[in-house]
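For clarity, every value in this text was computed on a predicted model and none was experimentally measured. All chains are named by letter (A, B, ...) in the order of the sequence lines, taking the proteins before the strands, and each is independently numbered beginning at 1. The basis for the numbers below is simple: all heavy atoms, side chains too, and nothing from hydrogens, waters or symmetry mates.
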Amino acid sequence: MPPELPLTAASLDEQLDYLAKGTVDLFDRDDLRKKLARSASSGKPLTVKVGFDPTAPDIHLGHTVVIRKMRHFQLLGHRVIFLIGDFTGMIGDPTGKKTTRPALSREEIETNAETYRKQIYKLLDREKTEVRFNAEWLGALGSEGMIRLAAKYTLARILERDDFRKRFDAHQPIALHELLYPLAQAYDSVALQADVEMGGTDQLFNLLVGRDLMREYGLEPQVVITLPLLEGLDGVEKMSKSLGNYIGIDEPAESIFGKVMSISDDLMWKYYLLSTDLTAAEIETKRGQVVAGALHPMEAKRELARRIIADFHSAGDAEKADDEFRRVFSDRQMPTEIEETILDAAAEPLPVIKMIVAAGLAPTNNEARRTLTQGGVSIDDARIDDPKATVEATAGRAYLIKVGKRRFGRVVFR
RNA sequence: GGAGAGAUUGCUGAGCGGCCAAAGGCAGCAGACUGUAAAUCUGCCGGACUUCGUCCUUCGGAGGUUCGAAUCCUCCUCUCUCCA
C-alpha cells in the first residue's frame, strides 16, 4: 500500500478530479461535489457502497479496479462498505449469462467472506472498511415487503435495461425473479443510505435504479460511478475466473509477473490506468515515450508488472519476480525453483511421455505426445522428439524436464 | 390449452443415413521469429494404444428403425416463438 497522500487538504475540484480518474460514468458530478462539500464542513464521512458476489471470493485484478477506487475514497477520509450480496446471490445477477446459482449455506458464505477479508486489506484500509451482508435487511423484508418493493417499479423501466432487452429480443429466457435483482440491489442503497455506489459499467442500470428507488423512499439519491471492465489476458473478454483469463491478487509474484508480461502492448495502457495509482498525465507521458521510441515497450510492461506486484506483495517480491522472468524467458535458463516429483523406481525404462504426465506437466498422454512431437520437450537440456523415447527409471536417477516454454519439473526415481 | 422452432465437442456455430471425433471462428497448446508468456507466421487441438493405423467414449435424456444415425421414428426434460 502506497503512502497516504495529503489529499484531504486538496481543493474540492482536485478531489473531484482525483475521484473521476479512470471512471466511465459519474452521475452526477455536481451531486458528488455537493456531498463532498457537506462532508468536509460537517466532518461526516461519505458512505460508499460496492457490492460483491458471495460465490466467487477470489479477487482478481478486474475486481481491483473498483476496489482501488474505494481506496481513493478512503484516502479522502470516507467510509466504504464492502457489501457481500448473500441475499442477491440467491437470485444470481442477470448481468452475464448464468441464471441459476446454487444457494450457499451460512457457513460457505462466512468462509467466502473470510477469504474476501484476507484479500481486500491488501488495498483497503481496515479501519475505514465495513463488511456487510445484504441478507440482513433483504431477508427481513419477507415476501410482503418484497411485493411492496416490486410495486415501486414497472416492467417497462426494468426492460430499459440493455441486458434484459437483448435477451428479450434474442428470445433468451428471462426468469421472473431476475427482474427483481436490480430492485433488491437498489434497496441495499436505501437500507444503507449510501452516498455513493460504484460498480463496473455493466452495473450502470442497477446503480441507477438505486438512485430512483432512493428518491421513492424520500432519500437523497446516491451518486453513481461506473468503472471500465478490465479485459483479461486475452485482451478480448472481460477478466473473469470462469474464463481463466485473470490475474488473482493472491497469486505468487512470479505468476503475476508472467501474466502481466503476456498482455498485449496495447492493453498495457489500460492496465496502467486501472491498476496503478499513477495519474492519467503520468501514464500519457510514459506512453508518449514508448511511441517516440525513447522507452522500450517491454520495459514499460516490466514496470507495470512490478507496480502491480508491489501492491499485492512487496517491492522486494516484485524485483525478485522480475529477475526470475528475465532469467527464464529472456536468458532461457531454468528457473531457480523447480517443483520436484518423486516416482517409484522400476527396472524397466519409462517412456518419456508417461513421465511427463506423472510429473503433472501434461494432463493426458495425448497432450504430452503432441507437445513432444512438436518439439516442445527437453530433458536435461536436450530436446526429445521421438515419442517412443524412454528414460532409465532405476532408483536414484533424476531428470530435469522442460515442457513448452514455461512448464518445468524435476523427476527423481526412488 | 393449441401450433411450430430448437438443444452439437471449453465457448460460438456448421453438419447430405455411411467419406463425422464431427466445418469455420474464439480460447488453449507447441514451434519459428522476437522486444516478453506482445505482435506475426506455421502446426496441433476428445481419450487410449504397438499413431501415416487401431480401438473406446461423445452430438439434451431414454428407447426404436437400419448392415450403419449427430443426422430417421417414439417418449421424456429444458428453452424460444406464435395463437388462445
Side-chain angles (χ1 to χ4, degrees), chain A residues 61 94 96-100 164-176 178 231-247 251-272 287 289-291 293-306 308-309 321-335 348-354 356-358 360-378 383-390 401-408:
Chain A
L61 207 60
K97 285 173 194 164
K98 304 240 159 52
T99 51
T100 50
F164 285 135
R165 186 85 251 163
K166 278 188 189 138
R167 282 167 64 190
F168 192 74
D169 290 344
H171 309 313
Q172 299 283 312
I174 301 175
L176 281 181
E178 293 184 63
E231 285 88 349
L233 303 176
D234 51 76
V236 181
E237 301 290 343
K238 76 166 181 174
M239 187 176 283
S240 83
K241 196 178 179 188
S242 53
L243 291 172
N245 60 356
Y246 69 102
I247 297 177
E251 282 183 45
E254 285 73 22
S255 168
I256 295 180
F257 200 97
K259 285 182 175 180
V260 172
M261 292 308 281
S262 83
I263 64 173
S264 73
D265 291 358
D266 288 341
L267 189 60
M268 152 166 78
W269 304 111
K270 190 159 183 186
Y271 275 53
Y272 255 111
R287 183 181 199 153
Q289 289 174 332
V290 168
V291 171
L295 177 63
H296 198 293
M298 184 178 75
E299 294 305 323
K301 212 181 288 178
R302 282 177 53 208
E303 182 188 334
L304 173 66
R306 284 196 304 266
I308 288 172
I309 292 166
D322 194 346
D323 290 345
E324 187 71 6
F325 185 86
R326 297 180 68 111
R327 177 188 166 82
V328 176
F329 297 105
S330 300
D331 304 338
R332 311 257 165 149
Q333 295 185 13
M334 285 293 187
E348 295 292 307
L350 183 69
V352 169
I353 287 169
K354 301 267 187 194
I356 290 171
V357 175
L361 297 170
T364 63
N365 291 352
N366 267 355
E367 183 63 36
R369 198 188 323 267
R370 252 196 303 278
T371 311
L372 185 144
T373 313
Q374 291 179 120
V377 171
S378 56
R383 178 175 289 191
I384 309 289
D385 51 15
D386 177 9
K388 289 180 195 153
T390 58
I401 312 169
K402 181 179 182 191
V403 178
K405 280 182 196 132
R406 53 183 197 268
R407 275 171 284 162
F408 299 92

A.B. asks: Taking only residues two or more places apart in sequence, or in another chain, which ones meet A:D385 in a side-chain contact (heavy atoms from CB on, under 4.5 Å)?
C.D. replies: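 Expected list: none.
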A.B. asks: Across the strands shown, which category fits A:E299 at heavy-atom distances under 4.0 angstrom: base, sugar-phosphate, nothing?
C.D. replies: nothing
A.B. asks: Under the ring pair (Phe, Tyr, Trp, His ring centres under 6.0 Å) test, which residues partner A:F325, sequence neighbours left out?
C.D. replies: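 In terms of ring pair (Phe, Tyr, Trp, His ring centres under 6.0 Å), with neighbours along the sequence ignored, A:F325 is linked to A:F257, A:F329.
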A.B. asks: Can you name the residues that form a side-chain hydrogen bond (donor to acceptor under 3.5 Å, both in side chains) with A:N365, not counting sequence neighbours?
C.D. replies: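 Per chain and number, A:N365 pairs via side-chain hydrogen bond (donor to acceptor under 3.5 Å, both in side chains) with no residue.
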A.B. asks: Treating primed atoms plus P, OP1 and OP2 as sugar-phosphate and everything else as base, which nucleotides of nucleotides 36-44 of chain B get B, S or - for protein heavy atoms under 4.0 Å?
C.D. replies: BBB----BS
A.B. asks: Where do A:L361 and A:V377 land on the side chain to side chain contact (heavy atoms under 4.5 Å, CB included) test, with the steps shown first?
C.D. replies: CA-CA 10 Å; A:L361 297 170; A:V377 171; over 6 Å; no
A.B. asks: List the residues meeting side-chain hydrogen bond (donor to acceptor under 3.5 Å, both in side chains) with A:E254, not counting sequence neighbours, and say none if there are none.
C.D. replies: none
A.B. asks: In whole Å, measure the gap between the C1' atoms of B:rG47 and B:rA39 for me.
C.D. replies: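 Here B:rG47 and B:rA39 have their C1' atoms 34 Å from each other.
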A.B. asks: A:Q289: which residues meet the side-chain hydrogen bond (donor to acceptor under 3.5 Å, both in side chains) condition with it, sequence neighbours left out?
C.D. replies: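 Testing A:Q289 for side-chain hydrogen bond (donor to acceptor under 3.5 Å, both in side chains), a comparison that skips the adjacent residues, returns none.
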A.B. asks: Apply side-chain contact (heavy atoms from CB on, under 4.5 Å) to A:N366 and list each qualifying residue two or more places apart in sequence or on a separate chain.
C.D. replies: A:T364, A:R369, A:R370
A.B. asks: Go nucleotide by nucleotide along RNA chain B from the 5' end; which of A:G376 and A:N365 gets its closest nucleotide reached first?
C.D. replies: A:G376
A.B. asks: Using the C1' atom as the reference point in each nucleotide, state the distance between B:rG13 and B:rA23 in Å, no decimals.
C.D. replies: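 Each nucleotide's C1' atom is 10 Å from the other's.
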A.B. asks: On a whole-Å scale, what distance lies between the C1' atoms belonging to B:rC41 and B:rG46?
C.D. replies: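 Rounded to whole Å, the distance is 27 Å.
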A.B. asks: From CZ of A:R407 over to P of B:rG28, roughly how many Å is that when rounded to an integer?
C.D. replies: 13 Å
A.B. asks: Say we look at B:rG68 and B:rC19: how far apart would their C1' atoms be, to the nearest angstrom?
C.D. replies: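 Result for the C1' pair: 14 Å, nearest Å.
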A.B. asks: Let me know the distance between CD of A:E367 and C1' of B:rG47, rounded to the nearest Å.
C.D. replies: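 Roughly 12 Å, once rounded to whole Å.
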A.B. asks: Would you write the dot-bracket representation of RNA chain B, where each base gets (, ), [, ], | or . depending on whether it forms a Watson-Crick or G-U pair under 3.5 Å and with which partner?
C.D. replies: (((((((..(((.....[.....))).(((((.......))))).((((...))))...(((((..]....)))))))))))).
A.B. asks: Can you list everything that forms a side-chain hydrogen bond (donor to acceptor under 3.5 Å, both in side chains) with A:K270? Sequence neighbours excluded, please.
C.D. replies: A:E231
